Amino acid sequence: MTILLLIFAFTGIFFVFLSFRQALREALLRTCLTGVGLIYASTELLSLISAVTPAGIAVFWLLVSISVTVIVFINRKRLPWPLTGEKTFSLHWLQWLMIAGALMVVVVNVYVAAQTPPNNWDSMVYHLPRIEHWLQNRSVEFYATHVNRQLFLSPGFEYVLLHVRALSGGDLLLNLTGVLVWLAAAIAASELARLLRAQATGQLLAALLALLLPTGVLYATTTKNELYLGLWILTALVFFLRFKQRAGWQDAVCFGAATAFAVHTKTTAYILLLPVVVWFIVWGIRSQKGKIWQYGAAIVLLFLMINLPHAVRNQQLYGRFLGPQEETVIYHNESYGVRVLVSNSLRNLAMHLRAAEKWNRILYNGLASIHELMDIGISDTRTTWPGYQFSLPAIRFNEDEMGVPLHLILFVICVTVWLFRRSKKDDKDLVGFVLVLVTGLLLFSGYLRWQFWVVRLMITLGLMASVVIGVLLERIRKQWVYAGIILVNLVFAAFCLYKNPTKPLPVVYDYNIANLPRVLSMIYPPALQPDYMEVLELLNREMVCDQVGLVTDNGDWEYPIWVEMSKYHPAPRIEHVLVQNASARLVDEAFSPCVVLVMTEQRPDILQLAGGQTLVPERHLKEISVYLPVMP
């Protein structure tokens, strides 16, 4: 399997950094930055020559593997042995038990990721279909699609998944990529705790709390990009704090690369990183004076190099570097001010505190009273996602709705106790870190509309809160307190895995990820399964058709069609037809499908394609209609 080239290359890069006497965690984070930098550069360069193919990507990683092997061989005598560089600590037996418990959660998640195909809704609609279109088109340039999100949203994590998908030949390892990101984020959290003056216990607590973040536990086995964003923002903070300790170009470049990759992952990063950038500028002007502008210029240049190509594509197609006005406008509030800030902050935090219905009613009524006092609607259309009313239904243990109640409560308690300390002379960086977190929350709430799935967009804040909790809890110096807190979080994380409806575990459920066919684990919503299975059977066994046109709405599942078609056809071609948005000008008029699948609510009697082809319905199902060409 050519995926071994990617694994070998990343391992080699890690050993290169170790040969320069860097500590393990530092070397790991620099490896992530370097490896993803190579993924980004190779994707963009291969796209220029229409070589975004499994072969093109494999050749690139073969060259990288050879290069790092030569470098490691040259520097082999400089490698530390045993592999360390971290200060060694002796851990209490309770701490070893905490680690063992966390490892059990990791093992379960690795099994779930390996056993389950991607099946998150957004992944089916746009995260993974865009990867298949890139491979089909041999380029990451925009293409005609009914789903604008396949084009304008930041593609950072999808670039990583593109390389894994191309080199592994399928989606078997895509969820495992999410698990690796989850583990890397926990390691970054522990390094942040160290830089905030935490000792071994505080670093361990920060890592375990980040690892056991309920939303993170569930998101680790998906192909969504929220954890990936969290990793880059934590990494940016790591290298900023290192830069503060000893200003130098290595850490400045790593800080700039991490911020650039964060924005290249998700535009929410602009909001969450703003306090970090302000902190960097204020500190730099005061301590570095004129030299900070040299560092700043290099960081801006690096940021533009990484984010400009995608922004240019958006600008060329939509006339705006962030994407189409009609879609991006719904993300932010129509009104701003103190009342909006308080309203959204309270509603966002309340989503993390959902529990049983009785508690939810009490919480809702309290929020409704506060909104009445502020004279603003609790579901004000100017600050609420279109089509939604604010509500607090009973807690559901899936990746899109699971909040972080324990972490939120612990954070409030720890910070409140810490604030009443008389002296914080040695906590300047911790003060800045907490201010970045709180300011990020306020900016997030003040700018973005309330969304029912808001908890998943706040994973980064949860990871940052884990660092603060770990640093402050260490000061209690009571092992039974640490063990009790981690035990409660372990039980809660285990319960999340146990109750996750999208990835039912063996023993727990009769029909589960171990005995369900992979395609049924992917198309898990019962409402979708019959129609999709019937259509796929028709395409692959009865019609033997490998040229498929699609007409979809903004939220229809496209990815299962790619997966099942590729099982029966070596190179199926799937194109969106009758596109009505800005990407319509990219339609290939020469494309002549042998079938068109229509998933929209409106199902016309006749389809007339741009190239002149006419199609009529062969069968109508609830979710999909099948159209066949009219024979001449």
Side-chain angles (χ1 to χ4, degrees), residues 101-124 175-176 178-179 182 186 208-224 226-227 349-361 363-364 391-410 451-459 462-463 466 484-516 518 520-529:
L103 285 175
M104 291 176 64
V105 174
V106 172
V107 168
V108 172
N109 251 358
V110 169
Y111 170 74
V112 170
Q115 192 70 24
T116 312
N119 63 2
N120 178 273
W121 196 286
D122 286 351
S123 296
M124 300 294 99
N175 284 343
L176 283 169
V179 172
W182 173 53
L208 293 179
L209 288 166
L211 199 67
L212 297 175
L213 196 72
T215 322
V217 169
L218 293 170
Y219 252 90
T221 55
T222 74
T223 52
K224 293 278 287 174
E226 276 79 3
L227 270 175
L349 293 175
M351 295 300 291
H352 290 278
L353 299 175
R354 290 163 54 196
E357 290 185 7
K358 186 175 181 180
W359 161 252
N360 291 345
R361 281 197 300 271
L363 185 58
Y364 181 89
S391 61
L392 293 172
I395 189 171
R396 292 185 66 225
F397 295 89
N398 74 20
E399 61 261 22
D400 289 327
E401 296 184 36
M402 187 66 244
V404 292
L406 298 179
H407 286 68
L408 176 57
I409 293 168
L410 279 172
Q451 305 164 42
F452 184 75
W453 50 89
V454 68
V455 290
R456 69 174 172 83
L457 302 176
M458 301 172 73
I459 287 180
L463 292 170
S466 300
I485 289 172
I486 296 301
L487 177 62
V488 172
N489 279 276
L490 275 170
V491 171
F492 196 58
F495 200 70
C496 289
L497 292 171
Y498 167 77
K499 295 288 288 183
N500 185 3
T502 67
K503 298 174 177 66
L505 293 175
V507 181
V508 180
Y509 298 92
D510 291 334
Y511 295 100
N512 55 68
I513 59 177
N515 58 31
L516 277 173
R518 193 169 172 86
L520 293 183
S521 291
M522 177 183 295
I523 312 173
Y524 71 87
L528 299 182
Q529 281 183 3

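As the structure is a computational prediction, the values presented were derived from the model and not from experiment.
Distance CG/L392 to CZ/F452: 8.5 Å, rounded to 0.5 Å. Atom-to-atom distance recorded for Q115:CD and T221:OG1 is 12.5 Å, nearest 0.5 angstrom. Annotation: the span from L353 atom CG to I409 atom CD1 amounts to 6.0 Å, rounded to 0.5 Å. In this structure, CG in L212 is found 10.0 Å from CG in L406, a value given to the nearest 0.5 Å. Put simply, CE on M522 and OG1 on T116 are 10.5 Å apart, with the number rounded to the nearest 0.5 Å. The CG atom of L528 sits 11.0 Å away from the CE atom of M124 when rounded to the nearest 0.5 Å.
Contact annotation: the side chain of I513 approaches that of P504 to within less than 4.5 Å [non-hydrogen atoms, C-beta and beyond]. With a 4.5 Å cut-off on side-chain heavy atoms, P214 and F397 do not count as touching. Side-chain contact between Y524 and P501: absent, with no pair of heavy atoms (C-beta onward) separated by less than 4.5 Å.
Ring centers of F495 and Y498: under 6.0 Å apart, within the cut-off.
Judged by distance alone, with hydrogens and angles left aside, the side-chain atoms of D400 form no donor-acceptor pair with the main-chain N or O of W453 at under 3.5 Å. Of the possible polar contacts, one joining the H352 side chain to the V404 backbone as a donor-acceptor pair under 3.5 Å is found. A side-chain donor-acceptor contact under 3.5 Å links N109 to the backbone of V217. Side chain of N120 to main chain of T223: no donor-acceptor pair is present (N/O by atom type, distance under 3.5 Å, no hydrogens or angles). The closest donor-acceptor contact from the side chain of N398 to the backbone of N500 lies at 3.5 Å or more, if one exists at all.
For R354 against P393, the heavy-atom pair with the smallest separation is NE-O, 2.9 Å. Shown here for A102 and L490, the closest heavy-atom pair between the two residues is N-CD2, 3.6 Å. Nearest heavy atoms, R456 versus E399: CB-O, 4.0 Å. Nearest heavy-atom pair, R518 versus A114, reported as atom, atom and distance to 0.1 Å: NH1-O, 4.1 Å. Scanning both residues, G216 and L227, for their nearest heavy atoms gives O-CD1, 3.6 Å. Pairing each heavy atom of W182 with each of V105, the nearest pair is CH2-CG1, 4.1 Å.
When the options V455, I395, L213 are evaluated for a side chain to side chain contact (heavy atoms under 4.5 Å, CB included) with M402, the one that passes is I395. Among N175, T222, N119, N512, the one residue that satisfies the side chain to side chain donor-acceptor pair (under 3.5 Å) test with K503 is N119.
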Show your reasoning for whether side-chain contact (heavy atoms from CB on, under 4.5 Å) applies to L209 and I486. CA-CA 7 Å; L209 288 166; I486 296 301; 4.1 Å; yes
